[in-house]
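Heads up: the structure comes next, in structure tokens.
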Amino acid sequence: MPLVTLEAAMEPSATPGRIFEITARRERRLSLMLVFYVVAGLIFMLLPGTFLGVWNLISISSHRAAGTVSAGWIQAHGHAQIFGWIGTFILGIGYYSIPKLRRMKPFALWAPWTSWTLWTSGVALRWTTGVYEWHWRSPLSASAVFEIAAFLIFFAAVSGHRSEEPKNKPSEEWIFVVIAGSIGWFAALLINLLSAVYLSWEGNSPVLPHSFDQRLLTLETWGFLVPFVWGFSAKWLPIFLGLRERRTPWLLRAVALNSIGVLGALRGWMFFSTVLLLAGISAAAYAIRVFEPGERPPKIKGVDASFPVYIRLAYVWALVSAALAIWASLSPTMAAGIWGASRHALTVGFLAMMVFAVGQRVLPAFSGMRLLFSTRLMFAALLFLTLGCFLRISSEILAYQGYLESAWSWLPVSAVVEMAALTVFALNLVLTFSSRRNRGALTYREAA
Ligand code: HEM
């Protein structure tokens, strides 16, 4: 924690007691801000994201054909999950933790609240225009403007100067990985803005053309979310899993391979791109040593003991996703099921599983030094997510590709199991925030 807050810095004559009081007050406000971000993210995840996704999948299964659901609804679901859920979590966790980790000068709290308002309004507006297509032209452009404005305020706030370290001390490399993710995020929001303005002027509906949407999705997932997860993995996993020191040059190589892979996808070179994405995720796993035995026992106080297994499983899903994408790229016109399976191995298997595991590890501590409400619910959520993801990926390939007719009947089961996982995860976090009994139960040392 920074020792000097904005308010304390403005009162140079403050006594140590006064500085402590002001710092504690700011910490409470930051925790409250984080809870608002997390709750908004959970709402986007459950209602516009998951329920619409389940509805889409049940509809596809009942028609036994992939192209039978409105593209607008599918894109609304994807946008709600990527930006509404995970993007909102990243903003909140970033605002809370990046200034502390970088020992920065404290920023004014209007920044996170303005970002929150713009971001949630932008994502909600985008979802509504995609689903209802009612007077959509101006709201579509407005939603993209709100989202990019929220991001720019965030970026300005967390990239400020450090206050408590020598100016010539080099930045830690995980920050460069997070910066790569931020560049991907900004690029995705910029392309989203340009395409929204274009559609508002020239289009017949707010729906993006399929091949453009697929390329943009590669940028949003591999170019934005994946480097963020690697950056935070590089920072936190050595502590949480007791791993040996990371191989820094390999982490930077992973980012380079991944970035070239994303650029290749934007250019439409899918085989080239997917091979590089597989090389990138392999290099990242090697750099972080996620599959190697740790040198210290993992820190599992307050979380389920299976936590290290699920972190490793998440990286296995990311490798599976990239391998499936190579397979799909070899037959680009006939591979809807393989692309869909690859995308969900990444979004549900890797990203959602990392958020479930690391989120339930850090968010209770960040939101007022709390303990997670229930480690059993954590285990249940991770188990359901794993089962749902496995069922989804296998049945999507078998059913959509026409390999096994009976797979259409387990496709909806996968949706319900995944929905159960996401609901249990949300419930556990909401109970953690609303329960007074464990507030302040952790010390800073235990939380780290
Ligand atoms: C209960 C869980 C979920 C269900 C039932 C579900 C269902 C679906 C369905 C039916 C599609 C249409 C394409 C296809 O058939 O593969 C889809 C696309 C997509 N989903 Fe999900 N999904 C779920 C969870 C998630 C999560 C957690 C994320 C992200 C974190 C996500 C991100 C996406 C994205 C990005 C797309 C592509 C959207 C587009 O084409 O623009 N989904 N999902």
Side-chain angles (χ1 to χ4, degrees), residues 41-42 44-90 126-127 130 188 192 195 206-222 224-226 228-229 314 317-318 321 324 328 335-356 359 381 384-385 387-389 391-393 395-397 399-401 407-408 410-426:
L42 292 176
F44 279 122
M45 175 194 84
L46 278 181
L47 303 171
T50 300
F51 289 162
L52 185 60
V54 171
W55 183 267
N56 288 341
L57 196 60
I58 289 176
S59 182
I60 290 172
S61 312
S62 64
H63 291 96
R64 302 203 160 201
T68 49
V69 166
S70 145
W73 286 30
I74 291 177
Q75 291 177 15
H77 156 78
H79 198 89
Q81 295 289 35
I82 289 181
F83 293 104
W85 172 28
I86 305 189
T88 309
F89 268 39
I90 291 178
R126 175 58 181 254
W127 188 86
N192 180 50
S195 55
V207 178
L208 295 168
H210 178 71
S211 75
F212 179 83
D213 178 52
Q214 298 305 300
R215 294 177 196 191
L216 182 56
L217 279 175
T218 307
L219 176 61
E220 291 171 0
T221 49
W222 289 97
F224 154 35
L225 297 177
V226 166
F228 259 96
V229 173
W317 280 123
S321 166
L324 286 174
I338 311 170
W339 280 123
S342 164
R343 186 176 314 116
H344 274 82
L346 189 71
T347 54
V348 178
F350 180 57
L351 298 168
M353 198 166 292
M354 286 300 284
V355 176
F356 275 32
F384 286 150
L385 195 72
L387 286 175
C389 189
L391 280 177
R392 171 72 188 275
I393 286 160
S395 58
E396 188 157 0
I397 296 175
Y400 287 29
Q401 296 301 118
W408 285 112
W410 7 302
L411 204 51
V413 180
S414 76
V416 175
V417 178
E418 283 177 347
M419 186 170 67
L422 293 157
T423 310
V424 172
F425 166 70

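When a ligand or atom number is given, it counts from 1 through the structure's own listing order.
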Query raised in the report: Heavy atom of E220 under 4.0 Å from ligand 1?
Result: no
Report summary line: Of all protein heavy atoms, the one nearest atom 15 (O) of ligand 1 is Y400 OH, 2.6 Å
Report summary line: Counting from 1 in the order shown, the ligand 1 atoms closer than 4.0 Å to a non-hydrogen atom of I82 are 35 (C)
Query raised in the report: V54 heavy atoms, cut-off 4.0 Å: which ligand 1 atoms fall inside?
Result: 1 (C), 5 (C)
Requested in this report: Look at atom 2 (C) of ligand 1 and say which protein heavy atom is nearest, naming residue and atom and giving the distance to 0.1 Å.
Outcome: E418 OE1, 3.1 Å
Report summary line: Residues at least two apart in sequence or cross-chain that pass ring-ring contact (aromatic ring centres under 6.0 Å, His included) with F356, listed by chain then number, are F425
**Report entry** Closest approach of any protein heavy atom to atom 11 (C) of ligand 1, naming residue and atom
**Finding:** R392 NH2, 4.0 Å
Query raised in the report: Just which atoms of ligand 1 are under 4.0 Å from any heavy atom in M419?
Result: 1 (C)
Query - 2.8 Å cut-off (strict), protein N, O or S atoms about atom 21 (Fe) of ligand 1 - result: 2
Report task. Sort and list the pairs that fulfil side chain to side chain donor-acceptor pair (under 3.5 Å) and have at least one residue in residues 51-76, not counting sequence neighbours. Result -> R64-E405
Report summary line: With sequence neighbours left out, the residues meeting side-chain contact (heavy atoms from CB on, under 4.5 Å) with S342 are S321, L324, A325
Requested in this report: Find all atoms of ligand 1 within a distance of less than 4.0 Å from any non-hydrogen atom belonging to A415, and give their numbers and elements.
Outcome: 1 (C), 5 (C)
Query raised in the report: Which bit of L217 is near ligand 1, meaning a heavy atom under 4.0 Å away: side chain, backbone, both or neither?
Result: side chain
**Report entry** Pairwise distance NE2(H344) to CG(L351) - rounded to 0.5 angstrom
**Finding:** 11.0 Å
Query raised in the report: Between L422 and M419, is a side chain to side chain contact (heavy atoms under 4.5 Å, CB included) present by the stated rule, with each step listed?
Result: CA-CA 5 Å; L422 293 157; M419 186 170 67; 5.6 Å; no
Query raised in the report: Where do I60 and W408 land on the side chain to side chain contact (heavy atoms under 4.5 Å, CB included) test, with the steps shown first?
Result: CA-CA 9 Å; I60 290 172; W408 285 112; 3.9 Å; yes
**Report entry** Heavy-atom neighbours of F384 CZ exceed 12 at 6.0 Å
**Finding:** no
Query - Proximal ligand 1 atoms for I86, defined as those under 4.0 Å from one of its heavy atoms - result: 30 (C)
Query raised in the report: Relative to ligand 1, is T221 under 4.0 angstrom through side chain, backbone, both or neither, heavy atoms considered?
Result: neither
Query raised in the report: How far does CG of L208 sit from CD1 of I74, to the nearest 0.5 angstrom?
Result: 12.5 Å
Query raised in the report: Passes side chain to side chain contact (heavy atoms under 4.5 Å, CB included), L225 versus L346? Steps please.
Result: CA-CA 10 Å; L225 297 177; L346 189 71; over 6 Å; no
Report task. Output yes when the distance from some N or O of ligand 1 to some N or O of E396 is under 3.5 Å, and no in every other case. Result -> yes
Query raised in the report: Atom OG1 in T221, atom CZ in F350: separation rounded to 0.5 Å?
Result: 11.0 Å
**Report entry** Proximal ligand 1 atoms for G340, defined as those under 4.0 Å from one of its heavy atoms
**Finding:** 16 (O)
Report task. Assign the ring pair F228 / F224 to parallel, tilted or perpendicular, where the plane angle (0 to 90°) is split at 30° and 60°. Result -> perpendicular
Query raised in the report: Of all the atoms in ligand 1, which lie at a distance below 4.0 Å from a heavy atom belonging to T50?
Result: 1 (C)
Requested in this report: Mind checking whether L351 contacts ligand 1 via backbone (N, CA, C, O), side chain (CB onward), both or neither, at a 4.0 Å heavy-atom cut-off?
Outcome: neither
Query raised in the report: Where is the tightest heavy-atom contact between A341 and I393, given as atom of each residue plus distance?
Result: O-CG1, 3.7 Å
Report task. Ignoring hydrogens and angles, tell me if any N or O in the side chain of T50 forms a donor-acceptor pair with the backbone of M45 under 3.5 Å. Result -> yes
Query raised in the report: Can you tell me which residue and heavy atom of the protein come closest to atom 39 (C) of ligand 1, and the distance to 0.1 Å?
Result: D213 OD2, 3.3 Å
Report summary line: Rounding to 0.5 Å, atoms CG (N192) and CD (E220) come to a distance of 7.0 Å
